[in-house]
Amino acid sequence: MGEIELFLKKRADEGLLRTLRPIASRKDGRIRSKEREYLDFSSNDYLALAGHPRMVASARQALDAFGTSSSASRLMSGDLDICHRLEEKTAHFKNKESALVFNSGYQANIGIISALYSRNDCILSDKLNHASILDGAKLSGAELIRFNHNDPEHLKSILESHRAKFKKALIVTETVFSMDGDRPPLKEVVLLKERYGCELMVDEAHATGIFGAGGSGIVEEEGLSAKVDFIMGTFGKALGSFGAYLAASKNIVEYLVNTCRSFIYSTALPPAAIAANITAIELIQEDPSRGKRLLELAAYFRDILTSSGFAVKGASQIVPLVIGDAAKTMALAAVLQERGYWVLPVRPPTVPQGQARLRFSVTLHHKEDMLRSLVNEIIKIGF
Ligand SMILES: *Cc1c(COP(=O)(O)O)cnc(C)c1O
């Protein structure tokens, strides 16, 4: 057997082979496969904007006006002025001087970090940060130091012993962690950044649209936009569309336009996605209470799980139900699926040993009675 075959066989034997599972459609909080329909507890369309009539209408309008493609990278001839409108809106939304649109969150993170940092610098990254942040740090050639999850004491001790060795230092954290649904002590991180002369980047992928009085994210909620150098986030989650952004100073944006390889060497977002992104920000700004309603619904779900004796983590619309044993977790997910609930089991190595879990995404497609029926179902199954 060749190397590839051995790898695949080993993965399959261990029950760890990842496979693609086509679905026929996903709409209105439901997933349809050929055979049947499921309630969707795995979607990042937290605010139910992906099917919103105004989102669809603006995408369609752009499609009619500009066709299906931007047809070139931004620096060649793909630089539609609606993309500049989106960037102005984004900068305003995130309360920063300027913004730059990227084709995806993955491309944003690998491109931003590797353009701004290099060999003599260091990247201090929370241990649970997204793979794209890790890849960006590796690509930069800077020294990567990972600090314990949401542990400012650990970060401080690393800075104490290592900061002086490096020219520039970047601290990077998510503002809502995608597997744990929790948030960092951002004010403490800001104090450390200032004390040790670092720069700070946050990834608001799961916070944008949901937290803060204006719905812009956790940086807004904590009043820290002036203190965070690089605010990155995506349009593909709560904003119901596709693409990503960085909000930062004008100089940084200009520098990235000149140096960021994932920005320069890639075709611009399709016009329909740009138009939908603009509409998503407008919808949030017109009615920022969507996020509040979502968080109240998630708090309700946490409450009924906790009062039924289950262990839940986090403080957001991401609700991880910790089962512990990986096999039990897989079995529970399978039974829930048989009963019409589409929920993702997460197990080591994605999470630490003994912390296998079901990760529920609460969205505005859900209603309190659906959440209650789901909890009753879990109680009935027992584990
Ligand atoms: C989803 C996600 C990304 C990647 O964004 P895409 O637009 O899907 O490429 C980056 N960071 C975090 C924390 C994410 O959850």
Side-chain angles (χ1 to χ4, degrees), residues 20 26 42-47 49-50 83 86-87 90 94 99-114 123 125-140 146 149-150 170-184 186 189 200-211 216-219 228 230-248 260-263 265-270 272-274 276-277 280-281 294 313-320 344 346 350-351 357 359-363:
L20 295 166
R26 163 180 243 172
S42 66
S43 166
N44 299 321
D45 181 23
Y46 300 122
L47 300 177
L49 292 186
C83 200
L86 173 60
E87 285 169 342
T90 304
K94 304 301 281 191
L100 188 64
V101 165
F102 287 83
N103 289 356
S104 74
Y106 186 85
Q107 286 189 39
N109 280 335
I110 61 164
I112 295 162
I113 299 173
S114 63
I123 314 287
S125 173
D126 186 288
K127 276 193 181 157
L128 293 193
N129 275 345
H130 193 261
S132 55
I133 296 173
L134 208 62
D135 292 355
K138 285 185 192 159
L139 198 57
S140 74
R146 297 166 80 208
H149 178 54
N150 283 348
L170 175 73
I171 301 171
V172 52
T173 179
E174 295 181 26
T175 54
V176 170
F177 283 87
S178 58
M179 287 302 147
D180 285 51
D182 56 353
R183 45 196 277 187
L186 207 52
V189 175
L200 175 59
M201 174 171 176
V202 300
D203 180 335
E204 297 232 77
H206 295 277
T208 305
I210 296 164
F211 289 86
S216 129
I218 281 186
V219 174
V228 179
F230 314 116
I231 307 174
M232 173 273 171
T234 67
F235 292 109
K237 285 169 180 148
L239 299 189
S241 176
F242 188 69
Y245 61 83
L246 172 73
C260 178
R261 296 168 68 83
S262 69
F263 173 84
Y265 298 105
S266 192
T267 302
L269 276 183
I274 298 171
N277 294 344
I281 295 179
L294 175 67
K313 288 170 88 97
S316 67
Q317 74 284 6
I318 298 165
V319 183
L344 295 182
V346 189
T350 306
V351 294
R357 65 195 66 174
R359 178 190 181 280
F360 295 96
S361 271
V362 179
T363 75

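Because the structure is a prediction, the values reported are computed rather than measured. Counting convention: from 1, in listed order, for ligands and their atoms alike. For reference, positions follow the sequence shown, starting with 1.
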**Message:** Is it the case that the side chains of Asn103 and Ser266 hold a donor-acceptor pair, with the cut-off being a distance below 3.5 Å and no angle test?
**Reply:** yes
**Residues which pass ring-ring contact (aromatic ring centres under 6.0 Å, His included) with Phe177, listed by chain and number, not counting sequence neighbours** = His149
**Asked** Relative to the heavy atoms of Thr234, which atoms of ligand 1 are at a distance of less than 4.0 Å?
**Response** 5 (O), 7 (O)
**Asked** N/O of Ser178 under 3.5 Å from N/O of ligand 1, yes or no?
**Response** no
**Request:** For salt bridge (Lys or Arg N to Asp or Glu O under 4.0 Å), just list the numbers for Arg357 and Asp180, CA-CA rounded to whole Å, side-chain angles, deciding distance to a tenth of an Å, and then say yes or no.
**Result:** CA-CA 10 Å; Arg357 65 195 66 174; Asp180 285 51; 2.9 Å; yes
**Asked** Taking heavy atoms and a distance under 4.0 Å, where does Ser104 meet ligand 1: side chain, backbone, both or neither?
**Response** both
**Asked** Any N or O of Glu174 that comes nearer than 3.5 Å to an N or O of ligand 1?
**Response** no
**Item:** Short side-chain donor-acceptor distance under 3.5 Å, Thr208 and Tyr245
**Value:** yes
**Message:** So, 4.0 Å and heavy atoms of Gln107: is ligand 1 close enough to count as a contact?
**Reply:** no
**Message:** Counting non-hydrogen protein atoms only, what is the nearest one to atom 14 (C) of ligand 1? Give residue, atom name and distance.
**Reply:** Lys237 NZ, 2.8 Å
**Within-4.5 Å side-chain heavy-atom neighbours: Asp135 and Tyr106** = yes
**Asked** Does the side chain of Arg26 pick up a donor-acceptor pair with the side chain of Ser42 at under 3.5 Å?
**Response** yes
**Message:** Using a plain distance cutoff, I'd like to know if Phe242 has any nitrogen or oxygen under 3.5 Å from a nitrogen or oxygen of ligand 1.
**Reply:** no
**Ligand-side contact atoms (ligand 1) for residue partner Ala205, heavy atom cut-off under 4.0 Å** = 12 (C), 13 (C), 14 (C), 15 (O)
**Test item: side-chain donor near acceptor, Asn150 and Asp182, under 3.5 Å** = yes
**Message:** To check your reading of the model: name the closest protein heavy atom to atom 6 (P) of ligand 1, its residue, and the distance in Å.
**Reply:** Gly105 N, 3.3 Å
**Asked** So, Asp45 and Thr363: side-chain donor and acceptor under 3.5 Å apart, yes or no?
**Response** no
**Prompt:** Does ligand 1 have any atom sitting under 4.0 Å from a heavy atom of Ala244?
**Reply:** no
**Request:** Note the single closest protein heavy atom to atom 11 (N) of ligand 1, along with its residue, its atom name and the distance in Å.
**Result:** Asp203 OD2, 2.6 Å
**Message:** Below the 3.5 angstrom mark, is there an N/O of Tyr106, backbone or side chain, next to an N/O of ligand 1?
**Reply:** yes
